[in-house]
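Below is one structure, written out as structure tokens; the observations come after it.
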Amino acid sequence: MDRTTLLDRYRTGFDDVVDALAGATAADLDRRPAPDAWTAREIAHHLADSETNSYVRLRRLLAEPNPIVHGYDEATWARVLHYGARPVDRSLAVLRSVREANLELLEALDDHEWARHGWHDQAGAYSLAAWLQSYADHSHDHADQIRRARAGQV
């Protein structure tokens, strides 16, 4: 996909998550479709934490020479940060705010800045285009996962 298409997809990710959560009851949020699958509540918190990681990754790619972008253990974050026990409203607010801030920055970049790259400690070479490709789909993919979790499907 070209940059404009990816930016448009990134732009609509938050709304897709909100749509997937619309009308969710506590039971919907906490339905675990399989023993090792995340609930809709856990997914909402993951999205906020992933998006805050994306915020730092984007800025490191732009501001540092040869930046190293670090991965994190999502399952550990889910357990240690009590994903299953917290309300989702604040995490949704974080997701929305960080997406908006990232979009504002992305829309200001020139071609030279779009060519920036670094190294991901788990994935290897990591360009700004790869960053956008990953995060453009991330919220949409998890919105689909939320819909399935609410329906009790893996």
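Numbering of residues begins at 1 and proceeds along the displayed sequence. For the numbers below, each heavy atom of this structure counts, side chains included, while hydrogens, waters and symmetry mates do not.
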Residues which pass side chain to side chain donor-acceptor pair (under 3.5 Å) with [X], listed by chain and number, not counting sequence neighbours:
| X | answer |
| --- | --- |
| Asp110 | none |
| His70 | Asp121 |
| Glu64 | Arg60 |
| Asp36 | none |

Which heavy atom of [X] sits nearest to which heavy atom of [Y], and what is that distance?
| X | Y | answer |
| --- | --- | --- |
| Arg32 | Ala34 | CG-O, 2.9 Å |
| Pro33 | Gly152 | CB-C, 3.7 Å |
| Asp30 | Gly84 | OD1-O, 4.3 Å |
| Ala149 | Ala40 | CB-N, 4.1 Å |
| Gly13 | Ser139 | O-CB, 3.6 Å |
| Leu61 | Ser127 | CD1-O, 4.2 Å |

[Y] and [X], any side-chain heavy atoms less than 4.5 Å apart:
| X | Y | result |
| --- | --- | --- |
| Asp16 | Arg147 | yes |
| Arg31 | Asp28 | yes |
| His46 | Gln145 | no |
| Val17 | Arg99 | no |
| Leu105 | Arg59 | yes |
| Leu29 | Leu21 | yes |
| His45 | Val88 | yes |
| Tyr83 | Asp49 | yes |

Verify the cluster assignment for [X] and [Y]: are they in a single hydrophobic cluster under the rule of side-chain heavy atoms below 4.5 Å apart?
| X | Y | value |
| --- | --- | --- |
| Leu132 | Leu103 | yes |
| Trp38 | Tyr72 | yes |
| Leu92 | Leu81 | yes |
| Trp114 | Leu6 | yes |

Would you indicate whether [X], at its atom [atom1], is surrounded by more than 12 heavy atoms from other residues, nucleotides or ligands within a distance under 6.0 Å?
| X | atom1 | value |
| --- | --- | --- |
| His117 | NE2 | no |
| Trp119 | CH2 | no |
| Gln122 | CD | yes |
| Asp2 | CG | yes |

Working to the nearest 0.5 Å, report the span between [atom1] of [X] and [atom2] of [Y].
| X | Y | atom1 | atom2 | answer |
| --- | --- | --- | --- | --- |
| Ser50 | Ile43 | OG | CD1 | 12.5 Å |
| Asp144 | His142 | CG | NE2 | 10.5 Å |
| Leu47 | Ser91 | CG | OG | 9.0 Å |
| Glu51 | Leu95 | CD | CG | 5.5 Å |
| Leu106 | Glu113 | CG | CD | 10.5 Å |
| Arg86 | Arg90 | CZ | CZ | 11.0 Å |

Begin with the C-alpha distance, continue with both residues' side-chain angles, and end with the deciding distance and a verdict on side-chain contact (heavy atoms from CB on, under 4.5 Å) for Leu128 and Leu109. CA-CA 11 Å; Leu128 192 56; Leu109 300 180; 3.6 Å; yes
Under a plain distance cut-off of 3.5 Å, with no hydrogens placed, do [Y] and [X] share a side-chain donor-acceptor pair?
| X | Y | answer |
| --- | --- | --- |
| Tyr135 | Arg57 | yes |
| Arg150 | Thr39 | no |
| Asp8 | Thr5 | no |

Residue list, side chain to side chain contact (heavy atoms under 4.5 Å, CB included) with Glu100, at least two apart or on another chain: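 Residues passing side chain to side chain contact (heavy atoms under 4.5 Å, CB included) with Glu100: Arg96.
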Stepwise side-chain contact (heavy atoms from CB on, under 4.5 Å) test for Val98 and Asn102: CA-CA 6 Å; Val98 173; Asn102 282 345; 3.8 Å; yes
According to the ring pair (Phe, Tyr, Trp, His ring centres under 6.0 Å) rule, which pairs have a member within residues 6-36, sequence neighbours left out?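 The answer is Tyr10-Trp131.
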